[in-house]
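In what follows, a structure is listed as structure tokens, so that the remarks can point back to it.
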Amino acid sequence: MDSQTKPALIIRPAGESDAPAMGRLMVETFLRAHKGQIPQGAWQRRQQEWTWEISAAGWSRTLREIADGSSPKDCIYLAVDNEVRGEEKIAGLIMGGPAEVGPWTNAGEILALYVSHAFHRRGLGRRLIQAAVRHLRGADMDRLVIRCLAANEPANRFYEALGGKIVGQQEADEYGFPILEQIYGWDDSSLLLGDGGK
Ligand SMILES: CC(C)(COP(=O)(O)OP(=O)(O)OC[C@H]1O[C@@H](n2cnc3c(N)ncnc32)[C@H](O)[C@@H]1OP(=O)(O)O)[C@@H](O)C(=O)NCCC(=O)NCCS
């Protein structure tokens, strides 16, 4: 199949065999993105203690719970680069589920969104959110919230570009250091789909 018939960057659900690559992407992208956005002491603890393997074990557990039906409302999607023939490279990941914060009932939440820096500004963040929103709406969660570090200006700009409004803020804890989070919300998440909510 040539590149005209096989799109290089696709979005697909994650499976348990993806966990090792997800752990690597998550740890690398988190540390790079949040350096300078969280207190230095918290960032160093993450760097020292949070290995790819630890993150992968967490993803593996979560993916198993989705597969065996114990977390039916959660979803995990990947952005995958198929450009190199016969090889898949995971370029981004998203996890969605029932909201744990925010002003609304029947809301879904984006619980993790990480796109590898080499793939930024190619529309993958938007496409991953759309995939998660379709799943959440299918599970009767028509509103959406996302927690984001107040200091994470690129991500704040991204959520604002997608029409998100600040609907709350809270102080969270990272290794004993306080961090300020903004809660972005969409009162009607179909606006993110740009296709009338289908
Ligand atoms: C935030 C993030 C998910 C955005 O993903 P992305 O694939 O680069 O975003 P997209 O290409 O889909 O961007 C869609 C639109 O959002 C806006 N946008 C995205 N990144 C932006 C930035 N750094 N500055 C300003 N606007 C931005 C733009 O309007 C963009 O459209 P355009 O490129 O046509 O101008 C990505 O930067 C990321 O993973 N960052 C590191 C981890 C992180 O901070 N995650 C969020 C945790 S809450």
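Counting from 1, the numbers follow the sequence of the chain as shown. Start at 1 and go down the list; that is how both ligands and their atoms are numbered.
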#### Entry: For Trp104, all residues meeting ring-ring contact (aromatic ring centres under 6.0 Å, His included), sequence neighbours excluded
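Result, ring-ring contact (aromatic ring centres under 6.0 Å, His included) vs Trp104: none returned.
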#### Entry: With sequence neighbours excluded, residues passing ring-ring contact (aromatic ring centres under 6.0 Å, His included) with His34
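Residues passing ring-ring contact (aromatic ring centres under 6.0 Å, His included) with His34: Phe30, Tyr114.
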Which of the atoms of ligand 1 are close to [X], meaning less than 4.0 Å from one of its heavy atoms?
{"X": "Arg147", "result": "48 (S)"}
{"X": "Arg126", "result": "12 (O), 14 (C), 15 (C)"}
{"X": "Arg157", "result": "24 (N), 25 (C), 26 (N)"}
{"X": "Ala33", "result": "41 (C), 42 (C)"}

Just by distance, do the side chain of [X] and the backbone of [Y] share a donor-acceptor pair under 3.5 Å?
{"X": "Gln130", "Y": "Leu192", "result": "yes"}
{"X": "Thr51", "Y": "Ile54", "result": "yes"}
{"X": "His135", "Y": "Ile76", "result": "no"}
{"X": "Asn156", "Y": "Ala150", "result": "yes"}

Write out the residue and atom name of the closest protein heavy atom to [atom], then the distance separating them to 0.1 Å.
{"atom": "atom 5 (O) of ligand 1", "answer": "Gly125 CA, 3.7 Å"}
{"atom": "atom 38 (C) of ligand 1", "answer": "His120 NE2, 3.3 Å"}
{"atom": "atom 16 (O) of ligand 1", "answer": "Phe158 CD1, 3.3 Å"}
{"atom": "atom 29 (O) of ligand 1", "answer": "Ala161 CB, 3.4 Å"}
{"atom": "atom 48 (S) of ligand 1", "answer": "Tyr159 OH, 3.3 Å"}
{"atom": "atom 23 (N) of ligand 1", "answer": "Pro154 CB, 3.5 Å"}

Salt bridge [X]-[Y], side-chain N to carboxylate O under 4.0 Å:
{"X": "Arg137", "Y": "Asp188", "value": "yes"}
{"X": "Arg24", "Y": "Glu28", "value": "yes"}
{"X": "Glu109", "Y": "Arg147", "value": "yes"}

### Query
Can you tell me if CG on Asp140 sees more than 12 non-hydrogen neighbours from other groups inside 6.0 Å?
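Atom CG in Asp140 is not packed in, count stays at 12 or less.
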Nearest heavy atom to [atom] wins, so pick from [options].
{"atom": "atom 43 (C) of ligand 1", "options": "Ile110, Ile94, Asn152, Leu149", "result": "Asn152"}
{"atom": "atom 20 (N) of ligand 1", "options": "His117, Arg122, Arg121", "result": "Arg121"}
{"atom": "atom 11 (O) of ligand 1", "options": "Ala91, Gly123, Gly92", "result": "Gly123"}

Contact check: [X] vs ligand 1, nitrogen or oxygen atoms, below 3.5 angstrom:
{"X": "Val115", "value": "yes"}
{"X": "Leu113", "value": "yes"}
{"X": "Phe119", "value": "no"}

#### Entry: Pi-cation contact, Trp50 with Arg46 (under 6.0 Å, within 45°)
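Judged by the rule, Arg46 and Trp50 form a cation-pi pair.
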### Query
Does ligand 1 have a heavy atom under 4.0 Å from the side chain of Ile146, from its backbone, from both, or from neither?
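No part of Ile146 is near ligand 1 at this cut-off.
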### Query
Applying a 4.0 Å heavy-atom criterion (strictly less than), which segment of Tyr184 is in contact with ligand 1: side chain, backbone, both, or neither?
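For Tyr184, no heavy atom sits under 4.0 Å from ligand 1.
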### Task
Answer with yes or no whether Phe30 contacts ligand 1, where contact means a heavy atom under 4.0 Å from a ligand atom.
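It does not; every heavy atom stays at 4.0 Å or beyond.
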### Message
Is atom 7 (O) of ligand 1 touching the protein, meaning some protein heavy atom lies under 4.0 Å away?
### Response
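Yes, there is a protein heavy atom closer to it than 4.0 Å.
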### Task
Please name the pair of heavy atoms, one in Gly97 and one in Asp74, separated by the smallest distance, quoted to 0.1 Å.
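Minimum heavy-atom contact is CA-OD1, 3.3 Å.
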